Number of protein chains: 2
Amino acid sequence: MSRFQILPDAAPSQSAELMPCAACDVRELSICSALRGPELDRIAALVSRSPVGAGQTLFQEGDEANAVYNIIEGAVRLFKLLPDGRRQITGFLFASDFIGLALKDRYAYSAEAITGTVVCRFPRVKLESLFEEMPRLENRLLRQASNELIAAQDQMLLLGRKTAVERLASFLMALAQRQGRAKTGDTVDLPMTRTDIADYLGLTIETVSRGFTRLRKDGLIETPDSHSAVLRDAEGLRALTESG
Amino acid sequence: MSRFQILPDAAPSQSAELMPCAACDVRELSICSALRGPELDRIAALVSRSPVGAGQTLFQEGDEANAVYNIIEGAVRLFKLLPDGRRQITGFLFASDFIGLALKDRYAYSAEAITGTVVCRFPRVKLESLFEEMPRLENRLLRQASNELIAAQDQMLLLGRKTAVERLASFLMALAQRQGRAKTGDTVDLPMTRTDIADYLGLTIETVSRGFTRLRKDGLIETPDSHSAVLRDAEGLRALTESG
DNA sequence: AACGTTCCTTGATCCAGGTCAAGCCGAGTT
DNA sequence: AACTCGGCTTGACCTGGATCAAGGAACGTT
């Protein structure tokens, strides 16, 4: 399930490129939107881009947290493990998302690329000092953290109190929202496997699979292939997310 | 289960007192530890203390979020409800804890006092402008948010992947930690009811009760009364929190 | 084209924890 | 001291989702 290829952490990968942030695809959507021209140049000198292959580990729970990341493209899973292998995925992250809000001196979770991914790596020591220089950055991170806390509480409600089908419906609608495709007829991208979804929703793979079948039979979705879902009845799905 | 006495939100309660922050019992432990002398005076002019009776509502999910709070003494539960009444408690807060990190313009959860509680109320509009003036405050809040995110992820692991007894052991040890009484022989305070614990751990009250009985029969705890637990074997409990 | 592999689905069975029901205990209250 | 009432425990039974098992579909790989 988990693979342990570990990326060189401190040394920039051979394929890393220095990138002018001004040309960054996700700048406007990411935390970097808090920065102005000269600040961007300052940042550009500190960050490095690197590709991360599907299934590769970005960092592991317990590692020294010496970098934070912005996802440029691709998808990443964050997760925690129990010693016997039980896994809880605490979040899926996509292009423009920021990794590293929740950390002390060590990472509290592991991060793996789901698909081929490109990240923008930022040394953490430099981040701290940068806050004084760029208070808008710190403010932006605080807002981001606030949003993530709200999302975390929604997830607790889901894990603690929702049924299997409600969890799946909630997951699909949240993903749809994130992709700006939450209306009936829209297609939602599912880059992760059924096992990932199960470990995110606190279920088994079989229950997730049966959930998809249920939603399909009830005319709420179609599943042209296992990595996409077409919303056949967005309202019906939404009703399930807050039903009882 | 939930009561709907609502505190006057904008108007300071008749029993509110203006308090010099310099004399505040929890200052050194709370976010106010980030503030220096003159800043404290500035803050003191903005905050007001008020008592909140056991069971009373501080604010409800969906309310306009026009204040944040510091808990001076007592205990508070934060929770979300599904329309049919299922409840998930997302956190228990105690003296020196800060309420209001996770918010947009509306509260994402409800807050009720568990016991008689005293809070320090802070108008939110003034908070925003204060950040520019006191960057150390913002920095402190970001750290706090980071810690809460880590705790939230632990809770997701608990809700998604742990058994009933593991959840209860994790809960007791986390509470013990927070109270600085996590060694064998120490007594942990449980101000909340079994129903609260159940709604926090994603279980029913009966399962929580059976969990206490199990831990008692296994010699891990004693329960002199329903609102306290003596740790008889802290190591055994800790083993349960990360066992498999 | 035959063969692995990985991922997904479906069916049959099982069980941890939910539900239902009864009773206990302690703190008010009259 | 009898009564209520909320909170807690325990027992008997039930069920949603886990587990176990089998097979199918979409891939590369040789």
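Since we're looking at a predicted model, the values are computed, not measured. No hydrogens, no waters, no symmetry mates; every other heavy atom, side chains included, goes into these values. Per chain, numbering begins at 1; letters A, B, ... match sequence-line order.
- Note: CG (A/Leu168) to P (C/dC8) measures 13 Å, nearest angstrom.
- Dashed line: the shortest gap from a side-chain N or O of A/Thr193 to OP1 or OP2 of C/dC7 is not under 4.0 Å.
- Scored by the side-chain contact (heavy atoms from CB on, under 4.5 Å) test, A/Arg210 finds A/Glu206 as partners (sequence neighbours excluded).
- Taking atom CD1 of B/Ile197 as the reference point, atom P of C/dG17 lies 17 Å away to the nearest angstrom.
- Here the C1' atom of nucleotide C/dT6 and the CD1 atom of A/Ile114 are 16 Å apart, to the nearest Å.
- A cation-pi arrangement is present between B/Arg194 and B/Phe212, with the terminal nitrogen or guanidinium carbon under 6.0 Å from the aromatic centre and inside a 45° cone about the axis.
- What separates CZ of B/Arg194 from P of C/dG26 is a distance of 14 Å, to the nearest Å.
- The OG1 atom of A/Thr241 lies 10.0 Å from the CG atom of A/Leu157; values are rounded to the nearest 0.5 Å.
- Between A/Asp186 and A/Arg232, none of the side-chain N atoms (NZ, or NE/NH1/NH2) sits under 4.0 Å from a carboxylate O, so this pair counts as no salt bridge.
- The residue A/Gly211 sits apart from the nucleic acid: no heavy atom pair falls under 4.0 Å.
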Verify salt bridge (charged side-chain N to carboxylate O under 4.0 Å, His left out) between B/Lys80 and B/Glu61, making sure each step is shown before the conclusion.
CA-CA 7 Å; B/Lys80 294 174 74 79; B/Glu61 181 175 356; 3.5 Å; yes
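- Atoms CG (A/Asp199) and P (C/dC7) sit 13 Å apart, rounded to a whole Å.
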Using nucleotides 10-15 of chain C, report all nitrogen or oxygen pairs with the protein that are shorter than 3.5 Å.
| from | atom 1 | to | atom 2 | distance (Å) |
| --- | --- | --- | --- | --- |
| C/dT10 | OP2 | A/Thr213 | OG1 | 2.5 |
| C/dG11 | N7 | A/Arg210 | NH1 | 2.9 |
| C/dG11 | O6 | A/Arg210 | NH2 | 3.3 |
| C/dA12 | N6 | A/Arg210 | NH2 | 3.3 |

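- Across the protein-nucleic acid pair, B/His227 atom NE2 and D/dG6 atom P stand 15 Å apart, rounded to whole Å.
- Atom-to-atom, CG of B/Leu159 to C1' of D/dG17 comes out at 17 Å; the value is rounded to the nearest Å.
- Each of B/Arg86, B/Arg87, B/Arg77 was evaluated against B/Asp199; a single residue qualifies, B/Arg87, per the salt bridge (charged side-chain N to carboxylate O under 4.0 Å, His left out) test.
- Along DNA chain C, the nucleotide closest to A/Met192 and the one closest to A/Arg161 are compared, and the more 5′ of them pairs with A/Met192.
- When rounded to the nearest whole Å, the span between CG of A/Asp196 and C1' of C/dT6 equals 13 Å.
- For an aromatic pair to be called close, the ring centres must be under 6.0 Å apart, and A/Phe171 with A/Tyr200 satisfies this.
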